[in-house]
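Order of appearance sets the numbers: ligands from 1, and atoms from 1 within every ligand.
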Amino acid sequence: MGLLALGTALEWPEAKKRADQVREWGIKQLLEIWSKAKGKERDALLWGDEVEYLVVNYKKDNPEVHLSLRQAEILTALAADKDLDGSCVPALQDAHSKNSSTLPVFHPEFGRFMLEATPGKPWGIGFKELLGVEPDMKLRRKIAKEHMLSSEYPITLTTYPRLGAPGQFTDPYYPPSGDKLRSQFVPDEIANPHIRFPTLAANIRSRRGRKVQVNVPIFQDKHTPNPWKDPTVNYDLHKFPEDDDVRNGAAPDNFIHMDAMAFGMGSCCLQITFQAKNINEGRTLYDQLSPLGPIMLALTAATPIYKGFLAGTDVRWNQISRAVDCRTPEELGEKPLKNDRWRIPKSRYASNSTYISLDHRLREEYMDPDLVFDPKIKAELINGGMDDRLATHFAHLFIRDPIVIFEEDLQELDLSKTDHFENIQSTNWQHMRFKPPPAENNIGWRVEFRSMEIQVTDFENAAFSVFMVLLTRAILSFDLNFYIPIKKSDENMERAHNLDAVLKDTFYFRKNVFPSRPSRANTVFGDDMANGTTAPNGNGGGSSRPGSRYPSRPGSPGGPVELEYAEMSIDEIINGSADGEFPGLVPIVESYLDSVNVDVETRCELATYLSLISKRASGELDTAARWIRRFVAAHPAYRQDSVVGDNINHDLIGAVIALCEREAAGRNFAGLGIQGLSRLLGRFRGGCGSEAEEMEVENGAAPAAVDEDT
Ligand code: ADP
Ligand code: MG
Ligand code: MG
Ligand code: MG
Ligand code: MG
Ligand code: MG
């Protein structure tokens with residue numbers, strides 16, 4: 001997005017003055033898209049994933065691992081590779097006409113130690129195509145690796161365990177405390193040097209009036225002091241005014257303290273974008289996927305370590321949220337409103353606050369009663385022909401200021417572009433994103449699912465991607481209804497952070513997800529599931545007219561909303577409840593697969609993915625977070641004091657590299673000689689495994705050099 005448009009990035013006080021202009025032009029561009037694209041029909045059901053990597057510099061015999069800051073050089077190497085014909089780097093695609101190859105595409109990211117890779121073009125939904133995802137992800141990792149130094153590796157941990165820890169953690173080394181981030185833990189050079197990124201970080205800090213405050217509870221182990229004071233915090237710095245932050249209480253006891261955007265936006269995730277056939281289907285998907293955000297976050301938990309310490313939480317979400325929280329003290333409610341327009345309950349990176357579908361099952365009671373939106377912008381959108389609900393959504397996103405503004409872009413409004421709209425839209429990092437068609441080409445309305453944590457192996461990343469794709473097909477095919485009050489999703493998002501929430505917590509989830517009128521679901525599930533569990537008001541109430549699928553009046557009052565949902569474990573949500581009341585998402589997906597034509601072989605492959613999801617939910621397999629915690633706990637250098645030192649970090653990174661090398665070589669994981677691996681991925685890629693395959697596992701290949709259980 002606008003990455004190549006070089007220009008003069010305005011510093012905050014100047015940018016602030018132009019915020020209204022950007023919003024105004026952004027809304028005009030949005031209305032232009034709206035009038036052009038609202039009637040778009042029959043777009044193909046396409047989808048695509050995004051995988052983000054950390055690039056580490058790892059040597060077997062050097063206990064120090066470094067983050068490699070060679071993002072630009074690696075992208076340049078990819079661009080210069082004649083065999084790849086420039087197609088792997090989007091900047092070159094325009095020059096070579098559009099990307100005609102199906103080679104993966106690599107993108108820069110906020111961290112200068114990061115890379116993002118996407119498929120060369122979006123996937124269709126043919127079942128055979130789903131099986132292409134994992135090989136493509138492996139190819140991306142292979143191509144990336146081939147354009148790195150021999151000691152560099154693309155790894156898919158969500159966060160680098162020792163980012164910001166004392167000593168050298170980047171290569172090359174830069175001392176902390178640069179003017180942009182003003183962090184006492186990380187140097188400015190950690191961020192992508194493109195002016196957009198340092199400006200983003202600096203302007204967020206300026207807007208706040210202090211540094212971002214990313215505090216994660218420390219994991220209290222046997223020998224962890226209580227209270228625990230972050231030993232890496234320096235209270236005696238006097239270089240920048242922001243050095244006062246820690247003296248003013250920014251680093252409370254029992255929290256790992258971090259102070260820069262890099263601690264959040266330096267995290268890797270797995271995102272999936274779906275193209276809907278038209279705007280209404282897109283709006284439906286947006287709403288129905290929304291309650292799944294926190295569930296999939298807990299299920300993919302992979303973030304147990306920050307800044308060299310075990311954290312008391314398992315996922316990255318809130319840390320990113322805080323790392324880009326640009327709210328002023330007035331907006332935060334710490335001071336009376338004087339200069340700012342309103343109090344804002346959430347960071348611009350947060351769980352989403354709106355439902356946008358015109359589905360009659362969407363009850364008023366599900367909406368956020370405290371939603372902040374700009375009434376003037378809403379009125380303008382409605383004047384432009386947009387319906388109330390979607391206008392509210394965008395008027396909510398547009399309460400934010402644009403953070404990075406290029407002077408040159410403010411000369412004249414170009415309605416054939418979407419840059420000003422995207423400026424606000426793409427810095428609203430909610431867990432769902434409703435993506436309107438871009439101006440220039442033939443793309444439809446898309447919905448992005450953004451909460452999942454990246455997984456260590458491509459098998460896992462493919463499994464979660466494919467699961468989400470199949471789930472969207474089931475949602476549309478069975479007309480599923482996952483609505484719960486959106487505030488309950490906020491609560492779920494918090495719960496997803498808890499240590500091992502996947503096994504230990506419950507989450508609000510809708511009890512009856514099937515439509516009350518007969519639909520395909522009934523035929524698939526039989527009377528038991530579709531009818532037997534239908535409570536009188538189970539689908540949003542209102543009396544259904546004969547012949548209509550939904551209650552006649554939108555948001556018409558039904559039974560108490562509270563009766564529509566219950567607290568369920570992730571196991572119940574994914575695998576179904578023991579009493580059979582709730583069918584479970586994996587069985588629903590299986591029923592969907594039963595209802596369509598899938599050949600045995602494909603079905604069998606898909607089953608290996610569903611099996612991973614199912615076993616993660618039941619606890620039979622570990623989340624990456626639990627796997628990493630076990631690894632640390634079993635390491636001889638670990639002192640049960642929550643400290644993840646260089647040696648442990650080295651071996652953990654080594655294990656992760658070994659795992660992916662093993663995967664790339666097409667060999668079975670269980671032979672790796674790492675007992676715990678079977679807890680992460682299953683004993684073998686079961687499901688379609690022949691006996692011979694199993695034998696090979698039993699006999700085992702040579703154990704890897706790194707053994708987590710030593
Ligand atoms: P962003 O970073 O803004 O979320 P990206 O350009 O990185 O978006 O792409 C997100 C994903 O969307 C990629 O996997 C890409 O293949 C996929 N994608 C591109 N075009 C479409 C489309 N028309 N429908 C669905 N997915 C698409
Ligand atoms: Mg992006
Ligand atoms: Mg992207
Ligand atoms: Mg990205
Ligand atoms: Mg990070
Ligand atoms: Mg994305």
Could you say whether the N/O atoms of E448 and ligand 1 ever approach to under 3.5 Å? yes

Side chain, backbone, both or neither: I443 near ligand 1, heavy atoms under 4.0 Å: side chain

Using the Mg ion (ligand 4) as the apex, give the angle to atoms OE2 (E52) and OE1 (E116), rounded to 10 degrees. 120°

Between E663 and R141, does any NZ, NE, NH1 or NH2 come within less than 4.0 Å of an OD or OE carboxylate oxygen? no

Tell me, which N, O or S atom in E448 is closest to the Mg ion (ligand 6)? OE2

Counting only heavy atoms, which portion of D49 has something under 4.0 Å from ligand 1: side chain, backbone, both, or neither? backbone

Nitrogen or oxygen atoms of Q275 and ligand 1 under 3.5 Å apart: yes

Partners passing side-chain hydrogen bond (donor to acceptor under 3.5 Å, both in side chains) against R140 (at least two apart in sequence or in another chain): D49, D136

Any ion pair linking D259 and K211 (charged N to carboxylate O, less than 4.0 Å)? yes

Is the shortest side-chain N to carboxylate O distance from E453 to R316 below 4.0 Å? yes

Return yes when at least one N/O/S atom of Q271 is nearer than 2.8 Å to the Mg ion (ligand 6), and no when none is. yes

Pair R283 + D387: basic N to acidic O under 4.0 Å: yes

With heavy atoms only and a cut-off of under 4.0 Å, state how R446 meets ligand 1: side chain, backbone, both or neither. side chain

Does atom NZ (K36) have a neighbourhood of more than 12 heavy atoms from anything else shown, all under 6.0 Å? yes

Going from CZ on R23 to CZ on R400, what distance comes out if it is rounded to the nearest 0.5 angstrom? 11.0 Å

Taking 4.0 Å as the limit for heavy-atom contacts, which would you say applies to W47 with ligand 1: side chain only, backbone only, both, or neither? backbone

Taking the N/O/S atoms of E50 one by one, which is nearest to the Mg ion (ligand 6)? OE2

